[in-house]
2 protein chains.
Amino acid sequence: MNYETIKIACANCNMRELCMPIGLTQDELNRIDEMIGSRRKVKRGETLFHNGERFTNLYAIRTGFFKTCITSEDGRDQVTGFQMAGEIIGMDGIVNDYHSCDAVALEDAEICAMPFAQIEALSREVNALQHHVHKIMSREIVREHGVMLLLGSMRAEERLAAFLLNLAQRLHSRGFSQSELILRMTREEIGSYLGLKLETISRTFSRFVEDGIVAVKQRHVHILNTSALQDIVNPK
Amino acid sequence: MNYETIKIACANCNMRELCMPIGLTQDELNRIDEMIGSRRKVKRGETLFHNGERFTNLYAIRTGFFKTCITSEDGRDQVTGFQMAGEIIGMDGIVNDYHSCDAVALEDAEICAMPFAQIEALSREVNALQHHVHKIMSREIVREHGVMLLLGSMRAEERLAAFLLNLAQRLHSRGFSQSELILRMTREEIGSYLGLKLETISRTFSRFVEDGIVAVKQRHVHILNTSALQDIVNPK
DNA sequence: CGGCGTGTTGACTGGGGTCAAGTGACGTGG
DNA sequence: CCACGTCACTTGACCCCAGTCAACACGCCG
C-alpha cells in the first residue's frame, strides 16, 4: 500500500490540537476531514508555493520544516518566518488571490492542502472553525509585531538569543527537548530572518559557546543556560 | 444637535469603499450599519485601546491618524504601524482576547467601533463581509512582511524613502496630494517604526533636502522628485 | 516672555558589514 | 572505500553606517 495514498483523518492526526479548533463534534470533524483536499509530500528544497502563484489553499504542516521568504524588486531576500508541524501557512495569498512569498521545505515534509473557498464555506456553518481561522491570522499578525520589535530595536546577541528561545519553546510544546535542537536552516537563513549577516550569526554563536551558554556542533544546538539567554533578551 | 450623537450610516460614509466590501445589497449594508456599535471621538494623544485591554471591537478609522506600538518587558518601544482613515485596527486582540499593543491617536480622530462577535455573526451570513475580513487580516500580514524586509535589509536612506513613498501613496489614494504631506508623528516615532534613532531620521531628511529630493519645513514635507526616492528604495 | 517639547547638527564611537582565507562536513562518482 | 568537489561554516582584519552624547535652534503655548 502506497503511503502517499493513506488518508489520515484529522480526527486521528496528532497535530490536530495545533491546527484545528478544539471541542468540535464528531460530525463537524468529519466535515472538516472532507474539506482537506490532498495530503502531499514536499521534499527538502522544494517549494510548496511561490511568489506570484495563484492562491487557492492554506496549508497545514503535518511534518517537516519550512521557511517563508519574500524577494524585493531589486533582489533583496528576506526570510519572514520558519514554520513547523501544526502551523498553517499561505495566508499571505488571501488579500490579492496571489501568493506574495515563497514557502520552501527545509526538510522533507508532509502537508495538508485546504482549499480556502471550502474553509470559508465551512466556517460559515461551524462557528469554532470560523473563530479558529481568525485566531490563526491574528496570531500571525502578533508574531510579526514581535519580529518587528526584534528587528527594530535589538542587538545581534539579543536577536539570536530570542530566536533560539523561540525555537526551543515551539519544539518543546511539540514534545521535543527544550534544550537540544537541530537547526534545519543555514546561518545565512537565520541571518536573513534576524536582519544580520551570516558571519554575525556565526560569531555570535561562537560568543555564546565561549560564555558557556550553548554548545554548538554544526546544526546541533544544546542550550546549557536558558536563563542566561533570557537575560540577554531582556536585560534588566 | 450634538455632533457626537449623529449616526452616519455606512451607506453614506465616504470611507466606505476603503473599509467595507463592495457590491453589497442595500439590505446587507443596512445590517452592517446596525452592527456598528458606536462612533466615537479620540483626541490627539489619547489611546483607543491599549496593551492588556480586553478585546471586543475592531475599529474603523473615519478620520484622524493613529500609531500602534508594542512595549517589551524591558521597556523597549516599537511603533508597529501608522494608520489613517479607512483602515481597520485592533486585529492583534483576536488571538488571545486581549490587545497586545497600544493604539494612540496622533491627531484628533473619529472611529467606528465594531463588536467583533457581531462581525463574526454577520460574516457567516454575508459572504462578501466574511471574505473582506479575511482580506483585511491578510493585507496586514503582507504589510508586515514588507516592514520586515525594510527592517531586515535596508539602509537608513532606503527606509526613509520607502516610508515617505508609502505615506504619500496612501494619502494620494484618499484624495490628497501625492507630493505634499504633513507628518502627524515625531521624528522619534518615525525612527521607532523604521528601526532608527531620531537623529538619523533628522540627518537623512537633511540629506534628502540637500539633494533636492524633498523640501521639509517642520512636519510639512514636499516631495520634489518621486522617482529619485524610488531609485533610493530600489537601487538598480 | 519664558519654558518645554521637538528638531538639527557636530564630534566621536562602536557594532555589525565586508572581504578574504581557510577548515570541515557531506555527497557523489570512480 | 576513498578522492574530490561543493557547500556551509568559522575566523580575522578592516571599514563604515548609524548610535551616542552633547550643544543649540526653533516654534508653540501658557
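Each chain gets a letter, A, B and so on, in the order the sequences are listed, and its residues count up from 1.
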Any side-chain N or O of B:Ser202 less than 4.0 Å from the OP1 or OP2 oxygen of C:dT8?
-> yes
Between P of D:dC9 and CD1 of A:Ile182, the distance in whole Å | 14 Å
Taking the six-membered ring for Trp, are the ring centroids of B:Tyr59 and B:Phe66 within less than 6.0 Å of each other?
-> no
note: B:Gln218, atom CD; C:dG5, atom P; distance rounded to Å ~ 16 Å
Rounded to whole Å, CZ of A:Phe205 lies from C1' of D:dA8 at a distance of 13 Å
Side chain of A:Arg203, base of C:dT18: donor and acceptor closer than 3.5 Å?
-> yes
Is there a donor and acceptor pair, one atom on the side chain of A:Glu199 and one on the base of C:dC19, closer than 3.5 Å?
-> yes
Just to confirm, is there a sub-4.0 Å distance from OP1 or OP2 of C:dG7 to any side-chain nitrogen or oxygen of B:Arg219?
-> yes
Phosphate OP1/OP2 of D:dC16: any B:Arg155 side-chain N/O under 4.0 Å = no
Charged N-O contact under 4.0 Å between A:Glu140 and A:Arg143 | yes
Could you tell me whether B:Glu107 and B:Arg44 have a side-chain N and a carboxylate O separated by less than 4.0 Å?
-> no
Between C1' of C:dG7 and NE2 of B:His220, the distance in whole Å = 14 Å
Would you mind reading off the distance between B:Leu196 atom CG and C:dG7 atom C1', rounded to a whole angstrom?
-> 16 Å
Please determine if a side-chain N or O atom of B:Thr186 lies less than 4.0 Å away from the OP1 or OP2 oxygen of C:dG5.
-> no
What is the nucleic acid contact for A:Gly195, judged by heavy atoms within less than 4.0 Å: base, sugar-phosphate only, or nothing?
-> sugar-phosphate
Does NZ or CZ of B:Arg184 lie under 6.0 Å from the centre of the six-membered ring of B:Phe82, at an angle within 45° of the ring axis?
-> no
Round to a whole Å and report the spacing from CG of B:Leu160 to P of C:dT8.
-> 11 Å
How many Å lie between CD on B:Glu188 and C1' on C:dC4, as a whole number?
-> 15 Å
Return the value, rounded to whole Å, for the distance between atom NZ of B:Lys197 and atom P of D:dA22.
-> 16 Å
Polar contact flag, side-chain donor to acceptor under 3.5 angstrom, A:His99-A:Asn51 = no
Comparing A:Lys217 with A:Leu198, nearest DNA chain C nucleotide closer to 5' gives the residue A:Leu198
When you get a sec, tell me which of D:dA18, D:dG27, D:dT10 is the closest nucleotide to the side chain of A:Arg187?
-> D:dT10
